[in-house]
Structures are given as structure tokens and as C-alpha cells.
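For reference, the structure is listed below as C-alpha cells.
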Amino acid sequence: MHKNMTNLEIAELLRSVAAAYELKGKGPFNRFKIGAYQKAADSIEHSTMELKDLWEEGKLDQVPGIGSAIAKYLGELFKTGKVRHFHSVMQDLPSAMFTFMQVPGIGAKIAYKLCQELKIHEEKDALKRLEELAKLGKIREIEGLGTESEAGILRNLQELKERGAARMLLPVASSIADDILVWLKKTPAVLRADPLGSLRRHVATVGDVDISVASDKPREVIEHFKNYPKKVRLIEAGPHTSSILVTGGAQVDLMVQPPVSYGALLAHFTGSKHHNIALREFALRRGLSLSEYGIKKLRTHNPELKTYRTEDEFYRELGLDWIEPELREDTGEIEASYHHKLPKLVKLEDIKGDFHLHSSFSIHTSHDEGLHNFAEMVKKAESLGYEYLGFSEHNPSQSGTTKNEVLTLLKRKKEAIEKLKSAKIHHIFNGLEVDITPNGKLALPNEAVDLLDYMIVSVHSSFRLSKSEQTKRVLAGLSHPKAKIFGHPTGRRLNKREGIELDWEKIFAFCEEHKKLLEINSWYDRLDLPDNLVREAVKRGIKMIINTDSHQLDHMELMRYGVFVARRGWAEKDDIVNTLPYIEFKEIF
DNA sequence: GCCGTTTTCGGCCCGACTGTTTTCAGTCG
């Protein structure tokens, strides 16, 4: 019995194979094979479904980038735990080289050279050994490397240790970008500046902060950028681009173009990489070549560069509708744009209520209480322009309260909410966020449920049940008629813990049949349902609700993060129930 | 090794910067 490989581990394996091919093939003839393995690895990493499950259903070939050859190898991997072909490609390569490739600036060739020359072969302690030898000046002695390379490797090793591989949460990256924008705008050479990359695409986590600048004086802009007060180190600087490291360890990349070609720069630097590649291939089939500078007509005698001030003009030149940044992941958006079938994405202004709020009204919960009372939260909801809201404190602790106490507490809560209603400030729903216990029971007596308008049911414990047990548990919890919403469905905490394992086929089918709502939780380390699962839900016509899970007033402003996730999942207004006016919304409950 | 709005063969995105090798390879996004 061999260990189940996760998508991430499979992606790693394919990247190693790509690296091996990079060393094997002398010459450019297998460049495309290398690219194919890398592309397959990326694709697997972004896959919604576990590859193993797809293989069992015979659907491996549905994953873009996986063709007959790699599908066959993966089949062997799932059956036997290893792939003979991969083994033979990698057998005479030291395993340490794949470890070295984690260090920025070290690719396949340098990694291999380091292993050979420094005689480091095993993965164990490889980085530590590399650091020791670098400090002894052994790297500069290797042909093709010098003192700069040695210093760079040492520095990058150090930074890797300090920062790790963790990506930034969206608000963190946003605030770094905001601060840099303020700095950049201090010089008149900067005519315009925008945060781009994954930040603009509103990905849940951000690797580096990317900033574009429109300017006719790029050198001045780069100089100014290099003087950013929070700069820790200059990574590189050229005529149009520069990268720095800032306090906290984040890398900031800058690109400058004159205003006449700013549209092409926006498109290029927003990415994603895969969107860019797909867009360039699309253009190439039409005899056009794209870059951050503009568009060239190929096959003409003197290919002239055409520039674009706006992204809209840039996309239009290709015969495409402008594509929302959130959609630019090469998952069908180019084709949709070509056929004028892009979704009309939900917007923050469409949201008419928040249904996951924790007030300070005490009902002896087993988890955390909110900080502010009903009236304060209602007032905040009013200021956000909402028509309705729902209070959903955690259920009372099962061990700390008797059934009668629970009933008394919840009667009191119901009365308090009734009073708010009579004040006619808002349409207020009386809910509760109820734990689904490991055996699938709800952590609330049935008589108490009768006092509520709705329940959000959530998993807050036993995250490591097997997929089938976890699925059974959740479906049992959701089967109560008043359990309308499945709260933060995967339970993931970004950079902290993986989500629970669920059979999504079954969960989706159940939600579809029984009209259950999936929550998109806006809390920025949850962003749960994740965007790729939102996309699946949208395809199946399953409705969702975007909530903040607020525990205090200012949390209620985080709704936009949930909206970002919905947009990345191609959700339109109709897919999200809390865009409905009260009259229609209340029918659901 | 993958893939198809000219193709089941013959293509495969495009450019940046660094360090070191005096003309370019390696790495990155």
C-alpha cells in the first residue's frame, strides 16, 4: 500500500522530470517537452479535483496539459506508486538538486553543477551544506560562477530561511502596494501607477507585489523607486523594470512604459502568465505578436509596432471583448470573450445584506462571541446600504449548558431581535451558526431550532476525517430543513491549515437537489468556498451567499473580499442570493 | 509532450536582467 499523492506532490514530481530533461537534452530539441511537463505541473496544481479521483473516473485527459503520455505515466503512478520512465530519466541525478531549485536564481543547470562540484547528493541537510560551502568560498571556484553568484546564493538562502515559501494574504499585499503607490506619486515623472499581477486579479494569496507606472521618463521613475524608504535590498534594475525587497520580506516588481503603450503594459503585467501565453498563441494564429510594448503584425515586410493607451483598445485589436482581471487565468475566458459570452460578474454594489454576523449577545457559545451588540451592527449594516441582515452567533456550548438553558437563551435572543424589528430599521433574521459534530448531528436541540429563522451549519472540529466520513457528516448536518447554508465549506485557513476533504460531486448534487446555499466566507484567511469550487457551483446553477462572518463592526467591510472570490469563480448577480431584494430573498428562508 | 476556427503534423509567447563566457547562458515572470 503506497501513500496517496496530492496534486501538489504530483506537480512537484513533474517539475523534477522537466528539470531532468533540461539537463539531459543537449540542444533546443526537447525545449517543448520540458515546457509540456511544466505546463502539466502548473495545471495539476490549479486543478479543482484531486487527480487520483479523476484517474479513477477515467477523466485524466480532461485536465488541460495532460495528454496520452503523461496520463499513462500518472496511471502507473496511482497503480504502483512510482513511474519507471520518470525513474530512469532522473536516476543519475542527485536528489539534492531539486532541493537547490527552491532557491531563487538557482535553476536546473546551476543546481546540477552545484551538486557535482560540491559533491552534495542527498536531499538531507543539502541547503545547510550548501550554505557552509558558500561561506567557505567554494562556489566562486566553480567554472561559470563567481563571487557575485556566491554572495547571491548565500543571500537568497538566508532570505528563504527567514521568509519561507508562504504567500501573502490579499490585504497585506494591498497595503504594501498602497504604500508604494503613495511613494511613487511623489515624483511628477509618474503620471499613473497601478497595482497589477495577482493583486489586481484578486487571487486569495499574492506572491510578489507588481506595480506598473505610466511615464515618459522611465529612468527617473526607476531611480525614485530604488529610493523607496522601506527598501531593504535592490534585486535588479534595468531601463524599464526593477525589483526590490521591502521590509517584511515582500518582493516588489516595477514596470514602466510611456502612456501611449500603457494599455499593453496593463495587459502584460496583470497576467496571469497562462492567460498571457494563451492570448499570445491566440494572436499568433491571427498573425499578430503581443508584448508589453504593443502588437506587431507578422509576415509583413516591415513589422511595425502598434501601441495602445488602454487595455480595452489592446483587447479590441485582437477582436476580443475586454476581460475582467479576475477571469484572466486561461480557463476559457479568451474563447468566451471572442464569442462575446463573458459573464457579467457580480459587484460589491449588488450585495444587499450580510447573513453571517456574530453579535455580543451572549448565549454561552462554545466558540468566540462578537464584540458589538445588535443595534450597533444594524446601524453599520444601514451605513453599508443593506436591506436585510442575519445574526448567526455560534450555538451554545453543548457541554456547558443544559437543554432548558439553551431554550431560555434562544428565546431571549428571539425576543431581542423581535424588538429590533419593531423599530423597523431593517429586515432582520434570527439565525445561528451551528456546529456539525463529527457524527453528523447538529450541536443544537431540535426545540431550539424551532426558535430560529435559519441555520448556517459549519465544521469546526475533526478536520481530518476521511473523505467519505467527512462527506457523510456534512450531508447529515445539511439535511435539516432549517440548515440552509453550509458555512465556510472547506474550513481552510490560508497559510495555516488545509481544508477538509469532501466528495464535491456529492455535496454539489445534494445542494442542487435540496436547494442548499454554499457560503462564500469573506474573511481573508478563509475565502471559502474557494474560487475554483465557486466556478463548479456556478456551472451547476447552485446558489451561493457571500457573508463576512463578522465578529465586530469593521469586519463588516470585508464583504468585498468575498465578492472577489465570487468574481474569480465567474459568478454573476443571479448566482448570489444576497443580491436579491428583500421580497425575493425572504422566500428562500 | 501537447494540441487543432487553415493542421492528427508541425508548430509551440515574449521579453526582462544578471553575471561572466568577450558574445551569451541561465533564470524569471
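Because only heavy atoms are used, hydrogens play no part in the values below, and waters and symmetry mates are left out as well, while side chains stay in. The sequence lines fix the lettering, A, B, ..., with proteins before strands; numbering per chain opens at 1.
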Quiz item: If you check every side-chain atom of A:Y73, which of B:dG1, B:dC14, B:dC13 has the closest atom?
Solution: B:dG1

Practice problem: Quick one: label A:I34 by what it contacts on the DNA or RNA (base, sugar-phosphate, nothing), any heavy atom closer than 4.0 Å. | Solution: nothing

Exercise. Evaluate the ring planes of A:F86 and A:Y37, with Trp represented by its six-membered ring, and classify them as parallel (under 30°), tilted (30 to 60°) or perpendicular (over 60°).
Key: perpendicular

Quiz prompt | A:D321 and A:S337: side chain donor to acceptor below 3.5 Å | solution = no

Quiz item: NA contact type, A:L279, heavy-atom cut-off 4.0 Å: base, sugar-phosphate, or nothing?
Solution: nothing

Self-check item: Residues in contact with DNA chain B, drawn from residues 217-249 of chain A - heavy-atom cutoff 4.0 Å
Solution: A:E236, A:A237, A:G238, A:P239, A:H240, A:T241

Quiz prompt | NZ-OG distance between A:K231 and A:S242, expressed to the nearest 0.5 angstrom | solution = 8.5 Å

Self-check item: By side-chain contact (heavy atoms from CB on, under 4.5 Å) - contacts of A:N532 (at least two apart)
Solution: A:T48, A:P530

Quiz item: Now, which nucleotide makes the Watson-Crick or G-U wobble pair with B:dG11, with each of the two distances under 3.5 Å?
Solution: B:dC2

Quiz item: Below 4.0 angstrom, N of the basic side chain to O of the carboxylate: do A:R15 and A:E45 qualify?
Solution: yes

Quiz prompt | 5' precedence on DNA chain B between A:S289 and A:G65 (nearest-nucleotide basis) | solution = A:G65

Quiz item: On a whole-Å scale, what distance lies between the C1' atoms belonging to B:dC2 and B:dT8?
Solution: 12 Å

Self-check item: Upstream residue (5' side of DNA chain B) when A:R286 and A:A69 are each assigned their closest nucleotide
Solution: A:A69

Self-check item: Salt-bridge contact A:R200-A:D194 (side-chain N to carboxylate O under 4.0 Å)
Solution: no

Quiz item: Should the pair A:D92-A:K24 be classified as a salt bridge under the 4.0 Å nitrogen-to-oxygen rule?
Solution: yes

Quiz item: So what does A:I277 hit on the nucleic acid, given a heavy-atom distance under 4.0 Å: a base, only sugar-phosphate, or nothing?
Solution: base

Quiz item: Do A:R192 and A:L266 come close enough that some side-chain heavy atom pair is under 4.5 Å?
Solution: yes

Practice problem: Give the rounded distance in Å between these two atoms: CD1 of A:I153 and P of B:dT18. | Solution: 17 Å

Self-check item: Residues which pass side-chain hydrogen bond (donor to acceptor under 3.5 Å, both in side chains) with A:E505, listed by chain and number, not counting sequence neighbours
Solution: A:R540

Quiz item: Does a salt bridge link A:E131 with A:K135, judged by any charged N lying under 4.0 Å from a carboxylate O?
Solution: yes

Produce the list of close N/O pairs, under 3.5 Å, pairing protein atoms with atoms of nucleotides 26-29 of chain B; give distances to one decimal.
{"unit_1": "B:dG26", "atom_1": "OP2", "unit_2": "A:K109", "atom_2": "NZ", "d": "3.1"}
{"unit_1": "B:dT27", "atom_1": "OP1", "unit_2": "A:G107", "atom_2": "N", "d": "2.7"}
{"unit_1": "B:dT27", "atom_1": "OP1", "unit_2": "A:G107", "atom_2": "O", "d": "3.1"}
{"unit_1": "B:dT27", "atom_1": "OP1", "unit_2": "A:I110", "atom_2": "N", "d": "3.0"}
{"unit_1": "B:dT27", "atom_1": "O5'", "unit_2": "A:G107", "atom_2": "N", "d": "3.4"}
{"unit_1": "B:dC28", "atom_1": "OP1", "unit_2": "A:G105", "atom_2": "N", "d": "2.7"}

Quiz item: Are the charged groups of A:E117 and A:K138 less than 4.0 angstrom apart, N to O?
Solution: no

Quiz item: When rounded to the nearest Å, what value does the distance between C1' atoms of B:dA16 and B:dT6 take?
Solution: 34 Å

Quiz item: Salt bridge between A:E132 and A:R129, side-chain N to carboxylate O under 4.0 Å?
Solution: yes

Practice problem: Kindly state whether the ring of A:Y228 and the ring of A:F225 have centres lying under 6.0 angstrom apart. | Solution: no

Quiz item: Nearest-Å distance, CG (A:N156) to P (B:dT18)?
Solution: 14 Å

Quiz item: Given atom OH of A:Y338 and atom P of B:dT5, what is their separation to the nearest angstrom?
Solution: 10 Å

Quiz item: Which nucleotide in the list B:dC13, B:dC2, B:dC14 gets nearest to the side chain of A:S291?
Solution: B:dC14

Exercise. Please report the closest heavy-atom contact between A:V534 and A:G569, naming both atoms and the distance.
Key: CG1-CA, 3.7 Å

Quiz item: Got a sec? Which of residues 135-150 of chain A come in under 4.0 Å of DNA chain B, heavy atoms?
Solution: A:G144, A:L145, A:G146, A:T147, A:E148, A:S149

Quiz prompt | Value in whole Å for how far the C1' atom of B:dA16 lies from CG of A:L265 | solution = 12 Å

Exercise. Rounded to whole angstrom, note down the C1' distance from B:dT7 over to B:dC12.
Key: 13 Å

Quiz item: Do any side-chain nitrogens or oxygens of A:Y293 fall under 4.0 Å of OP1 or OP2 in B:dA16?
Solution: yes

Quiz prompt | Whether A:H274 and A:H46 hold their rings parallel, tilted or perpendicular, with breakpoints at 30° and 60° | solution = perpendicular

Self-check item: Whole-Å distance separating the CG atom of A:D330 from the C1' atom of B:dC13
Solution: 12 Å

For nucleotides 8-11 of chain B, list the nitrogen or oxygen atoms of the protein found under 3.5 Å from its nitrogen or oxygen atoms, one pair per line.
none

Exercise. Can you tell me, in whole Å, how much space there is between the C1' of B:dG29 and that of B:dG10?
Key: 28 Å

Practice problem: Starting from C1' on B:dG15, measure out to CD on A:Q257 and report it in whole angstrom. | Solution: 11 Å

Quiz item: So does A:K52 pair up with A:E501, basic N to acidic O under 4.0 Å?
Solution: no

Quiz item: What does A:H275 touch in the nucleic acid at a heavy-atom separation under 4.0 angstrom: a base, only the sugar-phosphate, or nothing?
Solution: nothing

Exercise. Figure out the CD1/C1' separation between A:I295 and B:dC14, and round it to whole Å.
Key: 13 Å

Quiz item: With rounding to whole Å, what would you report as the distance between B:dG15 and B:dG4 at their P atoms?
Solution: 25 Å

Exercise. Please report, rounded to the nearest Å, how far the P atom of B:dG1 is from the CZ atom of A:R15.
Key: 18 Å

Self-check item: Same-atom distance (P) from B:dG26 to B:dT20, integer angstrom
Solution: 14 Å

